[in-house]
> 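Have a look at the structure that comes next, please.
Note that these values count all heavy atoms, side chains included, but never hydrogens, waters or copies made by symmetry. Since this is a predicted model, take the numbers as computed values, not measurements.
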Amino acid sequence: MSLKLLIIDDEVRTREFLHHRIAWESLGITMVESVKNGILALDMARDWLPDIILCDIRMPKMDGIEFAKRLRMLDSDAKLIFLSGFSDKEYLLSAIQLQAFQFIEKPINPGRIKEVVGEAVRARQTDLDKQKEGLRLQASFDENLPILRREMVRKLVTEPHSPHVLPALLNRDTFLIPSEGRFTVAVAPLFWRFSDIPKEVRIVQEEILSSLSKSEEMLEWGSIAGFDSQNWLVILMPGTYGSAYMTGWSRLEQLRGVLRRILGPDIQFHMGIGHTAEQLFDIPDAYHSAVNAGNLQFYKDYGEIAFPSEKQAGEPLDTDWEELKRFRESVRRGDVEQADEIIQELTKRARQRKDLDIMRVKDVYFQFLLILLEIALQQGLTDKEEGGGSRYIWKEIDIIPDLDRLHRYVLSFLALFDREEGKGGSGKMREIVKFIHTHFHEKGFGIQMIADHVGLSETYLCSFFKKQSGQTVKEYMTGVRVEKAKELLREQDMKLYTIAQAVGFADPNYFTTFFKKYAGCTPTEYRERVGQ
């Protein structure tokens, strides 16, 4: 299988070295191209369709992050590998959100380059194999209707002028919607926790589209659904529907009811409705207005249906580095009240500006959380392993649907530094400890299950427990399991596999390894000692 590699770097020597001095053929790459900036790379990527991209972060005209954003808008599945200097750490969050495959720090090490690109080649080959398998499975027409409609939605919101669109829409049995007339675009960002739905995002999306494709309402309305590049659910409906009953409000209420039924209680959502598309080619504009309306919901009462507003264009909420500095100093000296005021002022400013780039807004709050995490680690209030690094905290932020909850999330971490709050945590600790002792033996038991029960985020739970008890949640859970195992081992007739299951281990061999690590001897040796 032959793969294509695109190299983007404004430094001539680096670009030439990567292009000509590495034996790419040995990795399965047969075609290599290189360009000096993101603009040229984007033009090439549209037609050449590279499989793997080596991209410098800092470049003139268009940097690596902007290039990657536009690349993802093309629905490219290329594996992105960023080349970054030490000073580029600030770009890490954006790169994560753009599905970066890996990061390589400069100066470039040829061995490291080959290692990472080799991993990308294997991952890309796996993707391509899956794509081939997908094509083979398309023999079953009914099963693939949601996929066909999903792809049509993507085309209509990005490239309705594509020569393949109009001929395809003539098949109304497949695509339902007409090729002429007015259209309404509805979008819905979806939020759920992995602990509630432990499946890959792709699988959850496929299940949702399959259910929507089969729903009587969608068939009756001639509507189709898909997901856009930012994983928002997009629904295209023939006709005009607006915010009053005379303009079809009841249909939108019905649609919301359909989504509630299909998504279930574990997936939260709200809806944004776009300007009416007067014809097929107006759908992209209608889609963007729907997304803007949906983003405005971040600042309003969660769960309502949002419509375009002439005042919806917001101002960017950029990071105020002086504000961050004052926040850091306040937290370090224990002035929780001043730190709280800074967060309150930030939220007030965010609500006034209504920045429609919600990722940017969350990034601003993320900077404050990084400071709290850093100082909590320094002061021993949390554990690096359990406290959840920056990536884990971002995952928690990513599923927060509105500004109020984001505000409360940040303040929950600030509470770690409040001495008075710390003294009053005994009730919550008793609840946590009781839950651990009651459920530690159950299948799938872990920190997330505890956090869900007591109503805390997983990251904050770990920090809170460490502050209150001086040990991590995992250390405490381990102690509970070991002590319970010792108690059961004193029963000489009890089988080892029964004891293993009683303390939460399905595999007796793993239980033996675990027990020896923490008790200093095997279960059998311990039983012999206490039986003497």
> Test side-chain contact (heavy atoms from CB on, under 4.5 Å) on V153 and F227 and set out the steps.
CA-CA 8 Å; V153 168; F227 283 89; over 6 Å; no

> Salt bridge or not for D63 and K69, using N-O below 4.0 Å?
no

> For the rings on F514 and Y518, is their centre-to-centre separation under 6.0 Å?
yes

> Is any side-chain heavy atom of L406 closer than 4.5 Å to one of F298?
yes

> How about D77 and D127: do any of their side-chain heavy atoms sit closer than 4.5 Å?
no

> Is the W232 ring parallel, tilted or perpendicular to the H270 ring (thresholds 30°, 60°)?
perpendicular

> Hey, are R72 and Q230 close enough side-chain-wise for a donor-acceptor pair under 3.5 Å?
no

> Please name the pair of heavy atoms, one in I262 and one in S211, separated by the smallest distance, quoted to 0.1 Å.
CG2-CB, 3.6 Å

> Nearest 0.5 angstrom please: Q205 CD to K199 NZ, how far?
13.0 Å

> Can a donor-acceptor pair be found between the side chains of Y287 and T158 at a distance below 3.5 Å?
no

> At what distance, to the nearest 0.5 angstrom, does CD of E483 lie from OG1 of T478?
11.5 Å

> Under a 4.0 Å threshold between the charged nitrogen and the carboxylate oxygen, would K348 count as salt-bridged to E341?
no

> Indicate the ring-plane relationship of F327 and F368, choosing parallel, tilted or perpendicular according to the 30° and 60° boundaries.
perpendicular

> I need the minimum non-hydrogen distance between F67 and G38, along with the two atoms involved.
CD1-O, 3.5 Å

> Under a 3.5 Å threshold, yes or no: a donor from one side chain and an acceptor from the other, between S289 and H275?
no

> With the side chain counted from C-beta on, respond yes when I8 and N37 share a heavy-atom pair under 4.5 Å apart, and no when they do not.
no

> To the nearest 0.5 Å, what is the distance between NZ (K4) and CD1 (I53)?
11.5 Å

> Does atom CD of E337 have more than 12 heavy-atom neighbours, drawn from other residues, nucleotides or ligands, at distances under 6.0 Å?
no

> State whether a side-chain donor-acceptor pair under 3.5 Å links D402 with Q297.
no

> Does the salt bridge (Lys or Arg N to Asp or Glu O under 4.0 Å) test come out yes or no for E11 and R15, once each step is laid out?
CA-CA 6 Å; E11 296 178 6; R15 192 167 67 247; over 6 Å; no

> Quick one: does D335's side chain have a donor or acceptor within less than 3.5 Å of a partner on S330's backbone?
no

> Below 4.0 angstrom, N of the basic side chain to O of the carboxylate: do E374 and R328 qualify?
yes

> For the residue pair D340 and L411, establish whether any side-chain heavy-atom pair is separated by less than 4.5 Å.
yes

> Between R481 (side chain only) and F440 (backbone N and O only), is there a donor and an acceptor less than 3.5 Å apart?
yes

> Applying ring pair (Phe, Tyr, Trp, His ring centres under 6.0 Å), name anything that partners Y476, two or more places apart in sequence or on another chain.
H437, F465

> Write down the atom of F413, the atom of L369, and the distance for their closest heavy-atom approach.
CD1-CD2, 3.6 Å

> Between K325 and E322, does at least one N-O distance fall below 4.0 Å, as a salt bridge requires?
no

> Are the side chains of I267 and F191 in contact, using a 4.5 Å heavy-atom criterion?
no

> Which class fits the ring pair F366 and W394: parallel under 30°, tilted 30 to 60°, perpendicular over 60°?
perpendicular

> Can a donor-acceptor pair be found, under 3.5 Å and without considering hydrogens, that links the side chain of K354 to the backbone of R351?
yes

> Measuring from atom CZ of R124 to atom CD of Q131, what distance do you get when rounded to the nearest 0.5 angstrom?
5.5 Å

> Hey, are R360 and D355 close enough for a salt bridge, meaning a charged N less than 4.0 Å from a carboxylate O?
yes

> With heavy-atom distances below 4.5 Å as the criterion, would you say the side chains of L18 and I108 are in contact?
yes

> Quick one: CE on M73 to CG on L42, what's the gap to the nearest 0.5 Å?
9.5 Å

> Using 0.5 Å steps for rounding, measure from the CG atom of L6 to the CD1 atom of I81.
11.5 Å

> Would R260 and F269 count as a side-chain contact (heavy atoms from CB on, under 4.5 Å) if you check the C-alpha gap in whole Å, the side-chain angles of each, and the deciding distance to 0.1 Å?
CA-CA 9 Å; R260 282 176 176 162; F269 72 95; 3.7 Å; yes

> Show the nearest heavy-atom pair for residues A293 and A306, with the distance to one decimal.
O-CB, 3.3 Å

> Before you tell me yes or no, could you show the steps for K434 and E431 under salt bridge (Lys or Arg N to Asp or Glu O under 4.0 Å), namely the whole-Å CA-CA distance, both residues' side-chain angles and the distance that decides it to 0.1 Å?
CA-CA 5 Å; K434 180 180 178 181; E431 184 181 3; over 6 Å; no

> Return yes if some donor-acceptor pair links the side-chain N/O of T319 with the main-chain N/O of W321 below 3.5 Å, else return no.
no

> Looking at F82 and A68, what are the two nearest heavy atoms and their distance?
CZ-CB, 3.8 Å

> For residues P401 and Q268, determine if any side-chain heavy atom of one lies less than 4.5 Å from a side-chain heavy atom of the other.
yes

> Heavy atoms only: give me the nearest I400-K362 pair and the separation to one decimal.
O-NZ, 2.8 Å

> Do H19 and E16 have side-chain atoms, one donor and one acceptor, less than 3.5 Å apart?
no

> Does any N or O in the side chain of S412 come within less than 3.5 Å of the main-chain N or O of Y409, such that one atom is a donor and the other an acceptor?
yes

> What do the steps show when you test Q338 against R326 for side chain to side chain donor-acceptor pair (under 3.5 Å), and what is the final call?
CA-CA 9 Å; Q338 185 180 52; R326 287 191 292 110; over 6 Å; no

> Looking at D9 and R58, is any side-chain nitrogen of the basic one under 4.0 Å from a carboxylate oxygen of the acidic one?
no

> Test Y299 against I358 for side-chain contact (heavy atoms from CB on, under 4.5 Å), laying out the working first.
CA-CA 10 Å; Y299 304 97; I358 304 304; 4.0 Å; yes

> A side-chain contact here means heavy atoms from C-beta on lying under 4.5 Å apart; do D56 and K106 qualify?
yes

> Examine the side chains of D129 and Q125 and answer whether a donor and an acceptor come within less than 3.5 Å of each other.
no

> Determine, stepwise, if the pair L263 / L190 fulfils side-chain contact (heavy atoms from CB on, under 4.5 Å).
CA-CA 9 Å; L263 299 178; L190 309 182; 3.8 Å; yes

> Quick check: does any side chain N or O of R353 sit under 3.5 Å from a backbone N or O of E315, one acting as donor and the other as acceptor?
no

